[in-house]
Amino acid sequence: MLYWARWQAVERVIASFYIQVEENELKSNFIKVGYVGDAWLPKVREEDARKLTHINIAFGHVVNDGISISHLKQLGSLNTLKQYNPDLVILLSVGGWSAGGFSEAASTAKGRKRMADTAVEILRQYPIDGIDLDWEYPCYGVAGIGSSPDDRINFTLLLKEMREAIDLLGTKNGRHYLLTIAAGADQYYIDGTEMDQVHLYLDYIQLMTYDMRGGFQTLTGHHTNLHASTGDLFRISVEASVRLFRNAGVPKEKIVIGAAFYSRLWMHVPNVNNGLHQMAGTAGGYGPDFTKLANEYIDKNGYNRYWDDQAKAPYLFNGQSFITYDDEESLAHKADFVVREGLSGIMFWEYCCDTTFRLLDAIHQGLESGSKK
């Protein structure tokens, strides 16, 4: 009996070893990043926490040259997320559209040090694994924030200061803390930064390859398309954005492309070419999120879904309103592009916009299958 019990114990150890090996083999080598607003942190499902590799908490603010999180109420949920997925990497994203304070903080050595010191303090106090800066944008005040031509150099100096500070903390703790950014997708961002220097201080760079068409334009088109299509005057796309950043000196393995869980909408659109590449009566404002698209718009209520095979992007048209968005098919193509080009992964804005959970599943399936090729 003693021999039999010992043999059963050995069998359990061997079985556990092979299960662990199999699980490790199934884990994707690609990054899957979801932006999650503070209010939604407790609502992240366990299965989604397991599908994601990274969560970016949206957002911390820059106040008096330092990072402030006093307005965030759900950071207590982080331990639960870590229980769901011990490998989940959680970053505090700082900034967002119209969130200022960056230019002022980065403009002096004292300000840069305070930004770095407050980042370190947050990493000490919370189960947070890194900082993601979402400065929109260095050198540009289009969102009503402070800006200066000196932002180009000061941004590099800020990231250097932050990298050195969190690396020092990591040395003391025996671990590595991440530093990442969200970057505008087009040439303006390249011109306003020193990407050949910036990337040296970053673990990866998330390209905001959405809103590439919309708020400032009345010409309809795709806002998160993989490729440019014939007839489109604006040639920006995921592919073009990746090329810009690689030409600016960013290694491909540090590039994460963006996906959109929401849409852009134009109204008073001529009923020509199913509304694609037409001059509308409005600029492309924000449209429904994917939850609402799935429930009320996609092949419903007079809206027909069309597919642009050149752009690898879907769109909706009802004869007068045009909607551009991401869906499972376009995300499968994005995942394939990441795998084919040797990029780092996909991030998306934002988790709360898809309570069907189909889009995250499409990203997960696409990158998981790609990692096995």
Side-chain angles (χ1 to χ4, degrees), residues 184-189 207-244 257-338 340-341 346 348-350 353-354 356 358-359 362-363 366:
D186 211 344
Q187 184 66 46
Y188 67 89
Y189 194 87
L207 306 188
M208 291 187 283
T209 45
Y210 38 71
D211 294 339
M212 295 188 293
R213 180 71 54 78
F216 304 112
Q217 296 139 342
T218 57
L219 182 67
T220 65
H222 308 292
H223 90 99
T224 184
N225 48 304
L226 181 57
H227 307 294
S229 55
T230 302
D232 192 349
L233 292 175
F234 297 95
R235 309 306 293 171
I236 186 61
S237 65
V238 173
E239 178 188 28
S241 182
V242 169
R243 188 185 313 117
L244 284 172
I257 65 172
F261 283 18
Y262 64 95
S263 67
R264 283 279 188 176
L265 166 69
W266 285 260
M267 295 183 289
H268 309 299
V269 180
N271 192 358
V272 178
N273 194 33
N274 299 318
L276 181 60
H277 305 148
Q278 303 301 309
M279 294 300 296
T282 67
Y286 288 110
D289 63 20
F290 188 78
T291 302
K292 195 165 186 178
L293 288 176
N295 292 334
E296 301 178 25
Y297 286 82
I298 301 174
D299 288 329
K300 296 175 182 177
N301 296 317
Y303 282 90
N304 293 313
R305 178 191 182 273
Y306 299 94
W307 177 254
D308 183 338
D309 198 48
Q310 286 184 308
K312 303 301 182 191
Y315 60 99
L316 304 174
F317 190 58
N318 70 347
Q320 60 181 2
S321 294
F322 177 93
I323 299 176
T324 166
Y325 65 106
D326 256 330
D327 67 3
E328 297 97 319
E329 186 174 4
S330 64
L331 291 174
H333 285 285
K334 285 184 176 180
D336 184 66
F337 179 78
V338 166
R340 188 171 66 249
E341 297 295 321
I346 297 176
F348 60 86
W349 178 270
E350 66 173 312
C353 290
D354 177 25
T356 73
R358 286 157 42 185
L359 300 187
I363 292 171

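Nothing here was measured: the structure is a model prediction, and the numbers come from that model.
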If the condition is side chain to side chain contact (heavy atoms under 4.5 Å, CB included), which residues does [X] pass it with, not counting sequence neighbours?
X: Asn301; result: Glu296
X: Glu329; result: Arg305, Trp307, Asp327, His333
X: Asp186; result: Tyr188, Ile236, Leu244
X: Gln217; result: Arg213, Phe234

For Ala280 and Thr220, which heavy atoms make the closest approach, and how far apart are they?
CB-CG2, 4.1 Å
Please name the pair of heavy atoms, one in Pro314 and one in His222, separated by the smallest distance, quoted to 0.1 Å.
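Closest pair (atom of Pro314, atom of His222, distance): O-ND1, 4.0 Å.
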State which residues pass salt bridge (Lys or Arg N to Asp or Glu O under 4.0 Å) with Arg243; sequence neighbours excluded, sorted by chain then number.
Glu239
What pairs with [X] under ring pair (Phe, Tyr, Trp, His ring centres under 6.0 Å), at least two apart in sequence or on another chain?
X: Tyr297; value: Tyr303
X: Phe261; value: Phe348
X: His227; value: none

Got a sec, which residues hit side chain to side chain donor-acceptor pair (under 3.5 Å) with [X], two or more places apart in sequence or on another chain?
X: Ser321; answer: none
X: Thr356; answer: Asp354
X: Gln187; answer: Asp191
X: Thr224; answer: Asp326, Lys334

Taking the six-membered ring where the residue is Trp, are the ring centres of His277 and Tyr315 under 6.0 Å apart?
no
For the aromatic rings, using the six-membered ring if either is Trp, is the centroid distance between Phe317 and Tyr306 under 6.0 Å?
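No, they do not, as the ring centres are separated by 6.0 Å or more.
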Spatial distance of atom [atom1] ([X]) from atom [atom2] ([Y]) [nearest 0.5 Å]:
X: Asn225; Y: Tyr210; atom1: CG; atom2: OH; result: 14.5 Å
X: Gln310; Y: Thr230; atom1: CD; atom2: OG1; result: 3.5 Å
X: Glu328; Y: Leu359; atom1: CD; atom2: CG; result: 6.0 Å

Within a radius of less than 6.0 Å around CE of Met279, do more than 12 heavy atoms belonging to other residues, nucleotides or ligands occur?
yes
